[in-house]
Structure formats: C-alpha cells, structure tokens
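In what follows, a structure is listed as structure tokens, so that the remarks can point back to it.
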There are 2 protein chains.
Amino acid sequence: MTIQKMRSKAPTVADVARAASVSKAQAARALGGYGAVSEEVQTRVNRAAASLGYRPNEVARTMNTGRSNTIGVIVGDIENPHFGLALRGMADVARQAGFHLLLGNSDEKGQAEQDAVRVMLEKRVDGIIVAPSHSSREKNGHLLQVLEEGRALRLFDRAVIDLDVEAICCDFTAVAREATQQLLEAGHERIAYITSMELEGEYREAADFGLTPVAQRVGGMMAAFAAAGRRYDTSLIQANAGSDAQIARIVETLWQRSAPPTALIASDSLVAMSLLRAVAQRGLRIPQDLSFIMYDNFPWSEIVAPPLTVVAQPVYEMGREAARRLIADIRGEPVGPLPAFGAELILRHSVAAPAP
Amino acid sequence: MTIQKMRSKAPTVADVARAASVSKAQAARALGGYGAVSEEVQTRVNRAAASLGYRPNEVARTMNTGRSNTIGVIVGDIENPHFGLALRGMADVARQAGFHLLLGNSDEKGQAEQDAVRVMLEKRVDGIIVAPSHSSREKNGHLLQVLEEGRALRLFDRAVIDLDVEAICCDFTAVAREATQQLLEAGHERIAYITSMELEGEYREAADFGLTPVAQRVGGMMAAFAAAGRRYDTSLIQANAGSDAQIARIVETLWQRSAPPTALIASDSLVAMSLLRAVAQRGLRIPQDLSFIMYDNFPWSEIVAPPLTVVAQPVYEMGREAARRLIADIRGEPVGPLPAFGAELILRHSVAAPAP
DNA sequence: GTGAAAGCGCTAACAA
DNA sequence: TTGTTAGCGCTTTCAC
C-alpha cells in the first residue's frame, strides 16, 4: 500500500492544480472540459490528475450547476417483468445519453409514490418518469410539485386526469374491444377483468379508473358488448389484485356467485400467473372450463399449456421513448410528436366456447 | 400562480431562518433534526419552512456529510426477472432504512461495469452491490477501488477470486450434483450446460469460471459423473449465451455434432426460454427427445408443457440480505454471520429417459 | 489563456 | 440552547 493510498482525503482540484502548478480555476477548467485551456496546461493537468488518482466529485459539481445527470424512475413494482423490460429500455437510452437512474418502487401505493417523488426532488434529479398509481388530479399534487420546481416529468403506462404532462402509453380501447369480441363470438357472456390497480370500494363507472389503461380496457369491453347488443355486468371488474392472497380471495368471491364468469382477463403477467394457479386449484381447466386472456406477451405465455391468447405491448420501446423524451426535455431539445404505441391481440389457444 | 411560486430560486435554510427570526445554524438544526433546539424555535422554524415551501437540498447535505444515503446496484441485466426479484428485495430493505437505489446495468460486460462503478463512486454512493461479470482478480481492479475509497461493497450472485469481499450467493455444488445424478440415472450421458456468462474461447477447466456459480455447477456435474464412474465431456459447456441469436447458434452447433446432447441445463430463465424456443423449432420434444433443467424457479415453469424440473434459489431473500449487510456495513453496525442460501432441486416432468 | 475570489446550501466546530 | 464562522469541492464571474 503506497503512501498515496493512505492519504486521508481524496485528491481535489486544488491538489491537482498544485501538482500541475496552475491555478485552481484553470485546473478545474481542464478537468471539467469547459472554458478555455491551452494544450500545454491541459496535458500537464491530465498528467497530474492521473498520477494523483484524481476523481471528480459529482456531488460538488451538481451543487453548483444544479444538474445531476440523474433521472428518477418510479414504478409500481420492479419485480413485475413489465417494468423490468421498461426499465431496461430507459436504462439503455439513459446510459447512452450520460444519465443515470435512481429507482423508486411505489408498490402501487400513493403514499410511497409521494415519498419517492419528494426524495428525488431533494436529491435534485433532473427529471422523473413515473407510472402513477392514481389517476385523479387530487391525488397527484406531488406531480404538480415536480413541474413547479422546474423539473422534467413524463408519465409511463398511465395518464392523470387534467394534468398536462405527456404520458407514454398504449391505447387499449381498440384491442380491448377486439379481445372481447373474440370472447363474445366464442359464446361468453360473463367476462371478468382482474387488475392490481388500487380502487376503493366497488367498480361503479369507468371514470373511477380515470385515464388509466383500465378505463380504456373496460371501455373497449363495453363497446364490444354494446355492439353485440348486450350489457356488460360491471360487477365482474375486480381491482386490488395486488397479491396472491388477494387474488385467491377474488377468485373465491367470483365463484361463489350463482353464475361464475366463463372467461378471465388478467391485467398483467403477475396477476395472470397468480390467477392461473388459483383457478387450477379449483380444478378449472383452460380453455374447456374457462377461457383466459392476459395483457403482456412474455415468451413463456407461448409455451404453457395451453398457449395463452395475449395482448402484446411494445414495453421496451416505450421505455426507451419515455427516457428519450424526458432527456430531450431536460436538455431543452425539441422532440417530435409522440408516436402511437399499439397493443396487439395475439390469438393462441386459451379461448374456446364456454362449457354448456 | 402565486408570487411565491414565481421566486426564481427555491427557499434555502437562510430564507427559513430569516422568516423564523433565528440564526441560520439554528434553523438548519431544526430542519435537519440534529443538535439541540428548543420546542419554541422548532415550531417557529417548521411553520416558516411550511409556509415557504422549503425543501432540504440533499446534494448540499451530502456534500459536507460525505454520505448520500444512496447505494449503487449493478446487475447484469435488469430485464432478467432474476435480478428484478433481487432488486425488489434490495429496494424493500433499502427503503425501510432510508436508502435509495442508483441503478446500473452492466449488460454482463466488464467495461460497462467499470464505468458504472466509476460513476457511482463519483456520485458518492455510500456503498455498492454488484453482480460481477468477471471473476478473475485482474479484471476487477475497479472493485478494489471501491474498497480503497472506503466505500462499502458486497457481491451478489458471484464471487471474485482473491478479493476479500463478502459475496451473497447460493452454493450450487451439491444441487448441481443432485440434478446431474437425476439425469445420469435416467440414462443421459451427454448433458450440455448453457450459460450467458462471457468466456473467451472454449471451456477448458473449471478455473476459467473462477468462483462463479458456473464453476460450482460444472463442478457438481463433474462430481456426479465421477461418482458414476464416467467422465464429463466439457465441450458440452457453452458460454456467451447472451442473446436469442447466440443461443440459436449454440443449439445449431450442438446439434451438428455426431452425437448431440440428450439433456440441456439452462443457467437462468431467460436462457431457458430462448433455448426452449430454439429446440422446439428443431422439432425436439421435451422430455421424449430431450430432457431439460433450468436454474431459477419462476411460477410459469410450473404451468408450461411439460412442467419444468428446476433449481430454485431464494433470490428475493438474497437481495434483502445483501442490502441489509451493506447498510449495516455503511453504518458501522455489526452483522451476524452470512446465512447459507440453499438452492433446491424441484422435480417436475422435463426429465425422462433419452430416446433410444 | 489565466488567476483571484465569490459563492452553491448545507453541516460542524467553537464560543457565548 | 443559540449564534458565528468556516468550510465541503466545484463552477463561475470578473479582471488581467
């Protein structure tokens, strides 16, 4: 272990300046790559920095530039591969642009989300991407804060009512209608939609879900029912499917009815897996006893028995686009119009006629 | 929009102090919750802070405490549910302890990993958890740096040779032996192991993989072969399975042999999915034509056709423990001994006798 | 092109 | 308990 390594403190610009016999300001300019520096000084400083093992202190830099080159990302649940994939897209774009990701897990809880936003603001992130857990304007004061403090903001997967912030999401209305049509044509009438979104009380009207994908998905279902001259029974919409236990309870409730559903639609792959397990435990076979559709198209859905009919979303690309746009915003660069992200119904074998 | 909101700068301790008619130091103490503050001053300061909409500047705080309450996490691929789950464990523990996560994706590339470490050090994270992409000491100078700069460090999933840093991982030797035994007993002799780990050139000896799980897994296989009085053909070990394309190539190479493997072991769920697809394309059925085992036990492996025999690892709990230990280290608190994390073979139906 | 000096917003001695 | 005074390591005027 050399003497250098034993230095109690890490070398600073001042140390480098001294070693290179230039002023602190000049050394800082050379090191930071700004201002005017002669070649001669530049190399002298570089050499000195290298031999001292100098490392810039990003914190100090952030302190007086006000920019941290960090963007905060708040997702509902990192464990959900949906967000894993989105995060990968964001990380890829961010890295290339020299930005870093500060992660926040909201657990789909409004309070946790607010806390995460506050902390990120305090840490002076340059911008935030959030998958909001609530869509009503009243519950999103913290997002307004972000704007008021002059930070960039983008929403992911969901929009917020009356909040003029770009939201990167798919439009599900058409695909939901298409999926429902498939089910209707196969002869289903009781189709349950299960989502992990939080909702207090029973489902009453689409507005309860605001601008969330849920609202679109339910809207699409209703449209399909209407087109078929039927009425959709909204009591089949089940929210709060956040854990295996809650999902087990939902399934139980559903099958206590005099007329249980004959088809299930899961809002994401985690909900789907849990649901699949719960219905298997009741001895229900897919698609003979129960038809099944899930949102998100992960590779495994293709090789399960039976292969699942799914709604595919370009999640990775959406993650990239969210990061791309947020960063452009931070830099004050222009961005083109937001491309439309289409969800697509992929027919496989989990939908059949209901048992007589 | 009120006048307050129009202030060009955010309120600082000084502003709050002025509004509460106390000294800057006293206001800072009240706001920061340290030192001695009378109740009266405390409430006056709180009130002033609230009315000004004051927010602490964490960056400034970090600057002179040297602590950022942030820990860096570098994983091979966030998209991999294995890391998603681990990350969830880390995030849960971190949040409860008041820490935040700075994310880094190494893409299993040494260079990207080094860059991520450098940036995190510059951002003054309090500690780093990394799933190292290489296990040789020479390729891990950047990890030594972390230690030299006095930051906490923990390794996840893999260890590094001759680097005295705690590594949170499973021991796979026994379970790999057990899995291989199953295969041997079923009559298999040519068992290929496919991993996304990087390796230049062909596999030669276990040492090439250092202390990685790969080494243990291969070691266990060899032990099983040895116990059965046979010799394992190491040319069946295939690394660099980092993408669908590479995996397709590996499968092709394997099946160009005069004697293709009769069983496949996948190092993780991503590799497994890709392999499953590639072999299906060749018309190979599992388990009639080919037996299959995968590491990691995600719920879907239970409902595919056929249900997969897997090696389960307590990934979430390992993530928690890694964060717990890193944080204890940062705080200078004592931690008990590292618990042993056991991997477990779960027999399902993807292993059968090889075709005659 | 270079240097001196003044902060960024906070914490930490040290006195009072 | 309170206030005063230095910094933390960097960027940024503003002169020269």
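Proteins get letters first, then strands, A, B, ... in listed order; numbering begins at 1 in each. All values below come from the heavy atoms of this structure, side chains included, with hydrogens, waters and symmetry mates left out. Predicted, not measured: the structure shown is a model, and the values here were computed from it.
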Expressed in angstrom and rounded to an integer, what is the separation of [X] atom [atom1] from [N] atom [atom2]?
{"X": "A:Arg29", "N": "C:dA4", "atom1": "CZ", "atom2": "P", "answer": "11 Å"}
{"X": "A:Leu52", "N": "D:dG9", "atom1": "CG", "atom2": "P", "answer": "14 Å"}
{"X": "B:Glu122", "N": "D:dG9", "atom1": "CD", "atom2": "C1'", "answer": "13 Å"}
{"X": "A:Lys24", "N": "C:dA6", "atom1": "NZ", "atom2": "C1'", "answer": "10 Å"}
{"X": "B:Asp15", "N": "C:dC10", "atom1": "CG", "atom2": "C1'", "answer": "13 Å"}
{"X": "A:Asn64", "N": "D:dT12", "atom1": "CG", "atom2": "P", "answer": "7 Å"}
{"X": "A:Arg18", "N": "D:dG9", "atom1": "CZ", "atom2": "P", "answer": "12 Å"}
{"X": "A:Arg61", "N": "D:dC8", "atom1": "CZ", "atom2": "P", "answer": "18 Å"}

Is a side-chain N or O of A:Arg124 found less than 3.5 angstrom from the main chain of A:Arg67, in a donor-acceptor match?
-> no
Check whether any side-chain N or O of A:Arg44 sits under 3.5 Å from a backbone N or O of A:Glu39 as a donor-acceptor pair, and report yes or no.
-> no
Given [options], which nucleotide is nearest the side-chain atoms of [X]?
{"X": "A:Ala25", "options": "C:dT11, D:dG9, C:dG3", "result": "C:dG3"}
{"X": "B:Met63", "options": "D:dG9, C:dT11, D:dG3", "result": "D:dG9"}
{"X": "A:Thr12", "options": "D:dC10, C:dG9, C:dG3", "result": "D:dC10"}
{"X": "A:Thr65", "options": "C:dC10, C:dA12, D:dT11", "result": "D:dT11"}
{"X": "A:Ala36", "options": "C:dG1, C:dA12, D:dT12", "result": "C:dG1"}

At under 4.0 Å, does any side-chain N or O of B:Gln26 touch on OP1 or OP2 of D:dG3?
-> no
Return no unless some side-chain N or O of B:Tyr34 is found under 4.0 Å from OP1 or OP2 of C:dT11.
-> yes
Close side-chain approach of A:Leu121 and A:Arg151, heavy atoms under 4.5 Å | yes
Evaluate the side-chain proximity of B:Tyr54 to B:Asp15: yes if any heavy-atom separation is below 4.5 Å, no if none is.
-> no
Which part of the nucleic acid does A:Val37 contact within heavy-atom distance under 4.0 Å: base, sugar-phosphate only, or nothing?
-> sugar-phosphate
Want to settle it: does B:Arg124 or B:Val22 sit nearer the 5' end of DNA chain D, counting the closest nucleotide to each?
-> B:Val22
Whichever of A:Val13 and B:Glu40 has its nearest DNA chain D nucleotide further upstream toward 5' | B:Glu40
For B:Gln96, does the CD atom sit with more than 12 other heavy atoms under 6.0 Å from it, leaving out its own atoms?
-> no
